[in-house]
Amino acid sequence: MKVGILRVGQVASDVILELEQGLAKIIPDSVYQILEETLPIPQQSFDKKRKQFNSSLILNEIRTFEAKRGDFHRILGVVDVDIFSSGLNYVFGEAYVSGTAGLISLWRLKPGFYGENNASQSLFLRTLKEAVHELGHTLGLQHCSRGLCVMHFSNSIFDTDKKQSLFCGQCYLQAALAISRLG
Ligand SMILES: [Zn+2]
Ligand SMILES: [Zn+2]
């Protein structure tokens with residue numbers, strides 16, 4: 001699977017570099033490329049009342065970007081703004097199940113957001129987990145009931161910290177099968 005990592009708006013490059021290396025170790029038969037091009041955050045995605053960005057509208061732009069390029073199986077967008085999805089106060093990311101686009105936000109993954117020391121290793125690991133999770137959705141995976149599996153739903157940062165960056169055996173097989181079908 002060929003995955004493009006796309007910065008949407010301003011995103012620190014150390015996180016992106018760590019993400020690229022981490023993903024290659026976890027998802028089988030996949031290659032990653034950090035795109036030089038960056039996408040501006042779509043203005044219409046900003047909700048003035050909530051002072052947050054609508055993740056579905058950003059995700060839609062990423063899908064359009066993917067369709068225009070056509071040279072990647074998946075595009076993973078990364079933003080560093082606070083995002084929400086309808087019905088949820090905030091989300092760490094969003095993806096189309098069995099689709100071509102995924103999105104993660106660094107905003108609530110930063111230890112500083114929770115008043116902790118801004119340790120980069122913690123941010124890198126959380127980012128990796130959320131990225132594997134959203135790419136898993138694009139491979140057709142649903143949420144997994146196993147608490148340690150990366151496909152377990154994260155309701156809060158505690159859930160993200162508790163789970164591993166790896167798929168459980170069952171999710172791994174499903175992901176590997178979906179990837180093999182991409183050709
Ligand atoms: Zn999910
Ligand atoms: Zn699982």
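Hydrogens, waters and symmetry mates are skipped; everything else that's a heavy atom, side chains included, is used. All ligand and atom numbering here is 1-based and tracks the order in the structure. Source: prediction; values computed, not measured.
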Taking the ring of Phe46 and the ring of Phe53, is the distance between their centroids below 6.0 Å?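 Judged by ring-centre distance (under 6.0 Å), Phe53 and Phe46 do meet the cut-off.
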Shortest-distance N, O or S atom of His137 relative to the Zn ion (ligand 1): NE2
If you round to the nearest 0.5 Å, how far is NE2 of His73 from OG1 of Thr138? 11.0 Å
Examine the side chains of Gln52 and Asp47 and answer whether a donor and an acceptor come within less than 3.5 Å of each other.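 No, Asp47 and Gln52 have no side-chain donor paired with an acceptor closer than 3.5 Å.
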Geometry at the Zn ion (ligand 1) - His143 NE2 versus His133 NE2 angle, rounded to 10 degrees: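 Value, to the nearest 10 degrees: 110°.
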Can you give me the SG-the Zn ion (ligand 2)-SG angle for Cys149 and Cys171, to 10°?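 So the angle at the metal works out to 110°.
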Donor-acceptor pair, distance only, cut-off 3.5 Å: does the side chain of His143 make one with the backbone of His152? no
For the Zn ion (ligand 2), decide whether His152 has an N, O or S atom at a distance under 2.8 Å.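 Not a single backbone or side-chain N, O or S atom of His152 is under 2.8 Å from the Zn ion (ligand 2).
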